[in-house]
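To find a chain, count down the sequence lines: A is the first, B the second, and so on, and within it residues start at 1.
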There are 2 protein chains.
Amino acid sequence: MQRSSEKPLTRIQKQNISAILEAALEVFSVNGFRGSTLDQIACAAGISKPNLLYYFNSKQAIHVALLSELLDAWLYPLRDMNPNGDAKDELMNYVRRKLDLSRNFPRESRLFANEIVQGAPRIDTFLKGDLKNLVDEKAKVISGWMDKGLIARFDPHHLIFSIWALTQHYADFEAQTSLIMGKDSDKIYDDASIFLEAIFEKILA
Amino acid sequence: MQRSSEKPLTRIQKQNISAILEAALEVFSVNGFRGSTLDQIACAAGISKPNLLYYFNSKQAIHVALLSELLDAWLYPLRDMNPNGDAKDELMNYVRRKLDLSRNFPRESRLFANEIVQGAPRIDTFLKGDLKNLVDEKAKVISGWMDKGLIARFDPHHLIFSIWALTQHYADFEAQTSLIMGKDSDKIYDDASIFLEAIFEKILA
DNA sequence: GTCTATATTAAGATAGAC
DNA sequence: GTCTATCTTAATATAGAC
């Protein structure tokens with residue numbers, strides 16, 4: 001049987017599925033799709049490989065399930081940016097929420113990063129569809145704010161990219177920053193928060 | 001025979017070795033270490049798999065060769081930052097040189113990104129050794145400039161991270177930016193250059 | 001130095017008992 | 001639903017002829 005069935009799930013099924021997804025997130029975010037094995041995932045989930053394949057037909061199927069969960073969550077903070085709110089507040093809040101995402105969901109960020117770095121073969125329709133549409137829409141909003149002189153004028157797309165780059169870096173390159181700083185990542189995020197707050201204050205002014 | 005030999009290389013050997021490294025860069029930067037196969041590399045290099053393994057003993061050996069070339073190049077622009085130069089010029093030049101690296105060597109950037117995202121298992125000694133030392137040293141220089149009021153005060157380590165994040169993003173996430181912008185990456189880099197110039201002017205002021 | 005052939009292991013997936 | 005056993009393919013690496 002496959003998870004696409006309409007029947008309600010038993011408690012055990014739900015438990016197993018979420019154990020699998022949790023394990024798969026752990027494994028895929030570290031090793032990428034091709035670098036991960038069903039053995040690793042089954043072991044991390046505490047079940048046997050055939051049992052894992054009872055819940056998901058294939059390795060691909062697990063990966064797709066993870067990514068679609070992720071992509072939904074990915075759009076939220078940007079979608080939430082309110083065109084009628086205070087321009088600077090809205091952008092600063094977006095920065096804060098994106099940094100919080102890196103802090104609280106670093107594995108999801110790295111799963112996404114793995115996909116993009118490797119050329120986004122499995123999510124290109126998302127990127128040039130839903131994501132592009134949302135970014136274009138919000139870029140127009142930001143551009144409108146710039147027209148009114150509420151924030152400084154820049155290319156709005158690149159301003160959005162800069163927020164992504166600066167916040168996701170702390171999750172995606174955590175191995176690097178933590179080795180260089182010699183601190184645990186919690187302290188790094190505290191400093192990052194202060195730093196990003198300060199530079200975006202200046203950028204937007 | 002192995003490349004560690006002291007004998008001078010023939011022209012054919014040099015040709016083959018550089019063909020292998022070029023092919024391996026192409027393949028590893030897209031698929032990561034585990035996701036890449038010797039078949040792919042041999043095919044891209046235009047030689048047979050056993051012949052490839054005549055020049056490099058193992059898949060690991062090719063990867064190590066690529067990474068050590070890369071890590072050297074990685075340190076240059078930062079090392080070049082002159083403590084006695086003009087503070088703002090030195091930092092702006094660092095930004096420019098890093099963006100040029102992304103533009104001219106995107107595959108190298110993605111090879112590096114693949115390594116870091118996946119937890120830097122093969123380059124952690126580099127990160128906490130040579131790289132950390134250099135970054136700490138340059139952070140002190142930058143901090144000195146801030147003390148003198150030559151540029152605005154921020155956490156110097158995070159300022160360096162921000163330069164990395166903002167410039168490398170264009171190479172590492174090129175699949176994303178080009179799909180969203182619907183432009184070829186050359187035009188994106190032109191705009192990125194203008195954008196980064198503008199925001200760092202404001203940040204440092 | 002380069003090739004064909006092959007040994008060896010690992011990985012995705014399935015069969016079938018319970 | 002879960003397991004053991006197993007099929008099948010693909011991938012790293014080597015042997016040995018030329």
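- Per the geometry, CG belonging to A:N16 stands 10 Å off C1' belonging to D:dT2, to the nearest Å.
- In this structure, A:Y55 places its OH atom 18 Å from C1' of C:dA13, rounding to the nearest Å.
- Checked for salt-bridge contact, B:K138 and B:D80 miss the test: no charged N lies under 4.0 Å from a carboxylate O.
- One atom, CG of A:N51, and another, P of D:dC3, lie 5 Å apart when rounded to the nearest Å.
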Contact string for nucleotides 11-18 of chain D, one letter per nucleotide 5' to 3', B = base within protein heavy-atom range under 4.0 Å, S = sugar-phosphate only, - = neither, reads SBBB----
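- Counting non-hydrogen atoms under 4.0 angstrom, A:I12 reaches the backbone sugars and phosphates but no base.
- Two residues are said to be in side-chain contact when any heavy atoms from C-beta on lie closer than 4.5 Å; A:S162 and A:F200 meet this criterion.
- A close approach under 4.0 Å does not occur between any side-chain nitrogen or oxygen of A:S48 and OP1 or OP2 of D:dT2.
- With sequence neighbours left out, B:F161 forms a ring-ring contact (aromatic ring centres under 6.0 Å, His included) with B:H158, B:W164.
- Note on A:R107 versus A:E22: salt bridge recorded, some NZ/NE/NH1/NH2 to OD/OE distance being below 4.0 Å.
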Side-chain donor-acceptor pairs of residues 40-47 of chain A under 3.5 Å, sequence neighbours excluded:
| residue | atom | partner | partner atom | Å |
| --- | --- | --- | --- | --- |
| A:Q40 | OE1 | A:T37 | N | 2.8 |
| A:Q40 | OE1 | A:T37 | OG1 | 3.4 |

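- Contact check on A:K132 versus A:D136 returns a salt bridge, with a Lys/Arg side-chain nitrogen under 4.0 Å from an Asp/Glu carboxylate oxygen.
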